[in-house]
Amino acid sequence: MKNDKIYITPSRLHQFAFCPRQVFFDHYLKVKKPLRQRIRMWIGKLLHLIHHLFRVGYIKEELLKVEVDEIDGVVLVGKPDSYRIDGDTIILEEFKSTRLPRKPNRWYLMAWESDVVQALAYAYMLQKIHGKKVFVVIRYIDEATTFEFNELLKQGLLCVIEEYKKMVDYKLFPDAVRNRRCNKCPYRELCDTIDSYKV
């Protein structure tokens, strides 16, 4: 029997929210990550390990898997950094090895939009599994931001998942907003080459 489900990790949604083309290159073209990016990932893993030492009483890196009720054929699977259940509330913590942005994102939260999308995916999973309110803490190296997982943010997450699913279902090469971050992107040359062929 054919499995038509799409399995998406919150990390992939993070990458997709940062730049959907990066996910396309990784998923379809299997482009090897540059050394600089691999080193940065290892540094991030080391900082996460240090962060976990101070999260006494938290459940860390637990594998979660849930079907997205609102979107047919989508399953979220991943490991949140840490969370704890406090009565009828769940405190979800995501640690980031970058600094807090200087201005709010489109949801008026002081956090990078891609970090919020990743945290929302974990919040969705935890709420579905435990049936409790979820408060999110995104800890940056200089400051933390906190917010409640609510219906508005849930709808924003579902929109991102829908866009991701369209890319997978139809093998669409996604559009991407070009800005300064493109200068450091490991896929910049590939992206520029593809754009040059567009009519």
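Everything quoted here is computed from the prediction, not taken from an experiment. Counting from 1, the numbers follow the sequence of the chain as shown.
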Verdict with supporting geometry, Ile8 and Ile6, side chain to side chain contact (heavy atoms under 4.5 Å, CB included):
CA-CA 6 Å; Ile8 306 175; Ile6 297 170; 3.7 Å; yes
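Ring geometry, Tyr124 versus Phe149: the interplanar angle exceeds 60°, so the pair is classed perpendicular (tilted spans 30 to 60°).
No side-chain donor-acceptor contact under 3.5 Å links Asp88 to the backbone of Lys133. Trp112 places a side-chain N or O within donor-acceptor distance of the main-chain N or O of Arg99, the cut-off being under 3.5 Å.
By the criterion of side-chain heavy atoms lying less than 4.5 angstrom apart, applied directly or through intervening Ile, Leu, Val, Met, Phe, Trp or Tyr residues, Tyr164 is grouped together with Leu158 in one hydrophobic cluster. Under the 4.5 Å side-chain contact rule for hydrophobic residues, Val66 and Val160 share a cluster. Tracing side-chain contacts under 4.5 Å through hydrophobic residues (I, L, V, M, F, W, Y), one never reaches Phe135 starting from Trp107; they form parts of separate clusters. No chain of hydrophobic side-chain contacts below 4.5 Å, direct or via other Ile, Leu, Val, Met, Phe, Trp or Tyr residues, connects Val137 to Leu64. Transitive grouping of hydrophobic side chains (ILVMFWY, heavy atoms separated by less than 4.5 Å) brings Leu100 and Val136 into a common cluster.
Remark: Lys166 engages Glu163 in a salt bridge, criterion side-chain N to carboxylate O under 4.0 Å. For Arg139 and Asp81, the salt-bridge test fails: no basic side-chain N is under 4.0 Å from an acidic carboxylate O. Between Arg106 and Glu113, at least one side-chain nitrogen of the basic residue sits less than 4.0 Å from a carboxylate oxygen of the acidic one, meeting the salt-bridge criterion.
Taking each heavy atom of Leu120 and Leu157 in turn, the nearest pair found is O-CD2, 3.5 Å. Pairing each heavy atom of Lys79 with each of Glu61, the nearest pair is CD-O, 3.5 Å. Closest non-hydrogen pair, Leu76 versus Ala121, comes out as CD1-O, 4.1 Å. Between Pro10 and Gln118, the shortest heavy-atom distance links the atoms O-CG, 3.6 Å. Smallest separation of non-hydrogen atoms from Gly78 and Met125: N-CE, 3.7 Å. Between Leu92 and Tyr83, the shortest heavy-atom distance links the atoms CA-CB, 4.0 Å.
Using a 4.5 Å cut-off on side-chain heavy atoms (C-beta onward), Thr9 and Val77 make contact. The side-chain heavy atoms of Asp115 and His14, taken from C-beta on, include a pair separated by under 4.5 Å. Residues Tyr187 and Arg21 are not in side-chain contact: their nearest non-hydrogen atoms beyond the backbone lie 4.5 Å or more apart. Residues Ile90 and Gln127 form no side-chain contact, since every pair of their non-hydrogen atoms from C-beta on lies 4.5 Å or further apart. Here the side chains of Val23 and Phe18 are not in contact, with every heavy-atom distance at 4.5 Å or above. Here the side chains of Met110 and Glu143 are not in contact, with every heavy-atom distance at 4.5 Å or above. Counting only heavy atoms from C-beta outward, the side chains of Val75 and Lys65 approach each other to under 4.5 Å. Side-chain contact between Glu94 and Pro80 is present, with heavy atoms from C-beta onward closer than 4.5 Å.
Side-chain polar atoms of Tyr58 and Arg84 form a donor-acceptor pair below 3.5 angstrom.
Shown here is Asp72, whose CG atom has no more than 12 heavy atoms of other residues, nucleotides or ligands within 6.0 Å. Within 6.0 Å of the NZ atom in Lys132, the count of heavy atoms belonging to other residues, nucleotides or ligands exceeds 12. Annotation for Gln155: atom CD counts as buried by contact number, over 12 foreign heavy atoms lying within 6.0 Å.
Glu93 contributes atom CD, which lies 5.0 Å from atom OG of Ser82 (distance to the nearest 0.5 angstrom).
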